[in-house]
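Below is one structure, written out as structure tokens, with a few remarks after it.
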Amino acid sequence: MGDGVVGERRQLINVAYRLLGSLAEAEDAVQEAYARWYALPPSRRDEIASPGAWLTTVTGRICLDVLGSARARRERYVGAWLPDPLPGRAGRPHGTSGDPADQLVLDESVTMAFLVVLETMTPAERVAFVLHDVFRYPFAEVAGVLDRTPAACKQLAASARRRVRTGAPAPAGGQAETVRRVKEAWEAKDIAALVDLLDPAAVMTADGGGLAGAALHPVEGGPHIARYMAGLAEKAPGLELLERPVNGTPGLVARRAGTVLTVAAFDLAADGRVARIWVIRNPEKLRVWAGDGAPSPR
């Protein structure tokens, strides 16, 4: 990709991951957009004033199609479907590998809590909201992706905005301390300490995809979650728990013999207790965590 469009790849991966919640699907969407660009006759490419805007529009349309078909696919998925967890980049050179995870900007729009809310939106709401509210594309450009009027796109974004929780996220320092205490209580199989750290109405959702053992339905209530976590610790000797950033916020990684088996993301209630836990165990979603967050060999 010798021309100027290659520099757009990073932005497109960031847009597509937020639209789809899947690294593999995001990469496929961006590859398809580039394939369509290079399939254009050179004279047509020369006529396009902003290749970046063209690629964003095409990527957005591809993602819209994927979101439409994803509904049916996720209904067939075994258990809960959660977005792909992203490793942090502590000690890794930023954006130097070809791995799509290295291209992603880790901000509040990729936290697991935010991505899970995006999953509740219709495909059109999600595209309008992500392109306008997250990436600041004007509604005139969003209209080109959705094939609707700018006014209709504005309404879609407003509807999506109402789904986004207004509560401010807990400060990262507070979350790091809470996650550390959860780790210590989990390792000690201390149910009472876990109950103290969990909101009484906490919910734990696990994604095994039918490929790894995971609760098929959300576990609800602090005491139930605490007993479930302690039971897991009993059944998993030799498991090593590590504090690691997950989608840019403090989380936990469970490893055995150097292989990452589980990634857990957390969201805190206003009083600092854990309100939501998302547990990703589907090995297909953990490939980027090979070697504890180093990019997997390609």
Side-chain angles (χ1 to χ4, degrees), residues 10 13-18 20-24 26-27 82-119 130 134 165 167-187 197-198 202 204-207 229 239-256 258-269 272-297:
R10 186 162 187 244
I13 286 280
N14 274 280
V15 169
Y17 172 75
R18 286 162 177 80
L20 300 173
S22 160
L23 268 177
E27 194 174 21
L82 291 174
D84 290 4
L86 298 174
R89 275 191 287 273
R92 289 164 65 191
H94 182 72
T96 52
S97 86
D99 195 291
D102 258 1
Q103 308 296 315
L104 285 157
V105 177
L106 300 178
D107 60 20
E108 61 278 1
S109 68
V110 295
T111 64
M112 193 60 67
F114 193 79
L115 291 173
V116 167
V117 173
L118 292 181
E119 283 293 314
V130 168
V134 177
R165 206 181 39 176
Q175 180 148 332
E177 177 59 30
T178 300
V179 169
R180 177 170 304 124
R181 289 168 64 199
V182 168
K183 171 184 178 281
E184 289 165 355
W186 199 351
E187 286 173 329
L197 291 165
L198 293 162
M204 173 190 245
T205 306
D207 177 346
M229 290 171 73
L239 210 59
E240 179 186 18
L241 283 179
L242 305 162
E243 294 168 53
R244 293 288 184 268
V246 180
N247 289 57
T249 60
L252 291 177
V253 167
R255 217 169 50 168
R256 182 185 283 126
T259 300
V260 172
L261 301 177
T262 305
V263 170
F266 298 82
D267 191 36
L268 304 194
R273 290 196 283 184
V274 175
R276 294 294 305 261
I277 307 175
W278 296 281
V279 179
I280 297 93
R281 302 204 68 233
N282 182 342
E284 291 181 351
K285 298 186 178 191
L286 300 180
R287 285 177 184 155
V288 73
W289 293 80
D292 184 21
S296 46

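Since the structure is predicted, the reported quantities are computational estimates derived from the model, not experimental observations. Values below: every heavy atom of this structure, side chains too, minus hydrogens, waters and symmetry copies.
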Listed partners of [X] passing side chain to side chain donor-acceptor pair (under 3.5 Å), at least two apart:
X	answer
R281	T262
E284	none
T205	R276

Nearest 0.5 Å, please: how far is [atom2] in [Y] from [atom1] in [X]?
X	Y	atom1	atom2	result
D107	N14	CG	CG	8.0 Å
L261	E240	CG	CD	11.0 Å
F114	E108	CZ	CD	8.0 Å

Kindly indicate whether the side chain of [X], heavy atoms from C-beta on, has any atom under 4.5 Å from the side chain of [Y].
X	Y	value
P83	D207	no
L86	V288	no
F266	T178	no
M204	L198	no
R10	V105	yes

Heavy-atom closest pair, residues [X] and [Y]:
X	Y	result
P85	K285	CD-O, 3.6 Å
L82	V279	CD1-O, 3.8 Å
G251	V246	CA-CG2, 3.9 Å
G88	L106	CA-CD1, 4.0 Å
M112	A265	CB-CB, 3.8 Å
L23	Y17	N-CD1, 4.1 Å

Test side chain to side chain contact (heavy atoms under 4.5 Å, CB included) applied to A16 - qualifying residues, sequence neighbours left out: A26, V30, T59, C63

Results of side chain to side chain contact (heavy atoms under 4.5 Å, CB included) for L197 - residues two or more places apart only: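 Testing L197 for side chain to side chain contact (heavy atoms under 4.5 Å, CB included), a comparison that skips the adjacent residues, returns R181, V182, A185.
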
Sequence neighbours excluded, which residues qualify as salt bridge (charged side-chain N to carboxylate O under 4.0 Å, His left out) partners of [X]?
X	result
R273	D271
E187	K183
D84	none
R180	E177, E243

Polar side-chain atom of N247 near backbone of V110 as donor-acceptor pair, under 3.5 Å: yes

